[in-house]
2 protein chains.
Amino acid sequence: MLKSAALAETPPPMRRGRPRKSAEERDESQRRADLVRAAAQLFRAKGFDATSTRDIAAATGMQSGSPFYYFESKSALLLAVMVDGMAQAQAHQDAALKALPARASARDRLRALIRQHFEVLLGAGSDFIPVMLYEWRSLTALQREQVATQKDSYEAAWMPSLNALHRTGHLQARPAVARLFIFGALNWTVQWFDPAGPRSLDDLTEQALCLFVGKA
Amino acid sequence: MLKSAALAETPPPMRRGRPRKSAEERDESQRRADLVRAAAQLFRAKGFDATSTRDIAAATGMQSGSPFYYFESKSALLLAVMVDGMAQAQAHQDAALKALPARASARDRLRALIRQHFEVLLGAGSDFIPVMLYEWRSLTALQREQVATQKDSYEAAWMPSLNALHRTGHLQARPAVARLFIFGALNWTVQWFDPAGPRSLDDLTEQALCLFVGKA
DNA sequence: CCTACCGATCGGTAGG
DNA sequence: CCTACCGATCGGTAGG
């Protein structure tokens, strides 16, 4: 039962009543979350294939066979990293849009989207999305569909802003292709951005905005 | 001797005199090129770690141990793919720039650079550069330096055009950051572009140009 | 180049 | 969750 929940990755049921989980349940889901976090970090640092389930176990303080108590396969663990990551990214994006004034301009909306995307991509402890971007290949076709649905919904939220900016002539490429190029430009930053370097995420955001839709 | 040549990856010496290579030498360098091409294709399709040297041997019609007669390690084979790929890309880029009219505008120069980059990235049988872009991690630090030098030189050729377009106000982001974003946008196309799809490389080029520096 | 082989590592499982 | 283990695969080598 725990194992199938791991696959479907639905958040815990959140019933209204008081005693939600026994102590053991909380322990188990905590251990499970530890595994996902350690996996995300290792997959990002060394790649999926180069990371052994023993590495992940050790990073979580377990013995070699124990991750398979929580996940039915190494690949299910990878899926969990991606699904959790996309769910977090979507939540952040929703919050960022909701925090915007109702009459914010398309430019301001795009800025907010770019800024929060950088946060999720380059912020401290953000290994989930980079893993999703660079380890597609290691998913089965079925798993890929599942994550693709989340990704499509995440990216679709950008289209209203892009369409509006295209209408006003600020975005000069066709919005559908522009979206692909823009995500490419932003996602590629994980290859070169140095959090310890001189550039801030705010600066990066402003430069990206200038590049795609010009100044002011 | 063959092995060290494989590491340094210098093209065959090309002496002036007549009998350049014996038949065996030509055979050997042909077999070597076969290995590099097969490796590039497999590394791209399945990734470096998921490709065994046995896969590569089989794709070249050899037995399992034979690739090690030509390359001292699997990693040396990966390096060869990248070094050969960058050398080809650089040659194409030089040719594309030389084919331009002497008084071509900065916009035309950038268009030519983008167009030829797409060719090298997405054209038929172009597995070398995608491998270089997505298998960095599998190189040793020393190997990485070697390829980085080639890549720096390749990308440096874009700066005059970007600087000029910045001066005239067509490129609104700082050229140094713009270059990073632009290569991200272009390189990311290997993730989504379908050569069998409706979009042509010419169309893609024009849309990219519009996105970064606007129309006309 | 092939044949035959080695040592190491890996994902995964049984049984508790 | 741990212990103990299996079968498979892999990079690489010796010896011709």
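Note on naming: letters A, B, ... go to the chains in the order of the sequence lines (proteins, then strands), and numbering restarts at 1 for each one. Treat the numbers as computed from the prediction; the structure is a model and nothing was measured.
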Secondary-structure string, 5' to 3', Watson-Crick or G-U under 3.5 Å, | for another-strand partners, for DNA chain D: ||||||||||||||||
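First and last contacts of DNA chain C with chain B, using any nucleotide atom under 4.0 Å from a protein heavy atom and ordered 5' to 3', fall at C:dC1 to C:dC5.
Judged purely by atom type and a 3.5 angstrom limit, A:Gln207 has no side-chain atom pairing as donor or acceptor with the backbone of B:Ala173. Side-chain atoms of B:Asp203 never come within 3.5 Å of backbone atoms of B:Arg199 as a donor-acceptor pair (strictly under, hydrogens ignored).
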Side chains of residues 182-189 of chain B: which donor-acceptor pairs under 3.5 Å do they make with residues two or more places apart or in other chains?
residue	atom	partner	partner atom	Å
B:Asn187	OD1	B:His117	NE2	2.8
B:Asn187	ND2	B:Phe183	O	3.2
B:Thr189	OG1	B:Leu186	O	2.5

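Using a cut-off of 4.0 Å between Lys/Arg side-chain N and Asp/Glu carboxylate O, A:Arg37 and A:Asp127 are scored as not salt-bridged.
Considering only residues two or more places apart in sequence or on other chains, A:Arg115 meets the side chain to side chain donor-acceptor pair (under 3.5 Å) condition with A:Glu119, A:Asp202. With sequence neighbours excluded, no residue forms a side chain to side chain donor-acceptor pair (under 3.5 Å) with A:Arg109.
Rounding to the nearest 0.5 angstrom, the gap separating the CG atom in B:Leu79 from the CE atom in B:Met132 is 12.0 Å. Annotation: the span from B:Arg32 atom CZ to B:Asp27 atom CG amounts to 14.5 Å, rounded to 0.5 Å. The CD1 atom of A:Ile56 sits 13.0 Å away from atom CG of A:Asp34, with the distance rounded to the nearest 0.5 Å. Distance check: A:Ser161 OG to A:Arg179 CZ gives 13.0 Å after rounding to the nearest 0.5 Å.
Only B:Arg54, listed by number, bring a heavy atom of residues 44-58 of chain B to less than 4.0 angstrom from any atom of DNA chain C.
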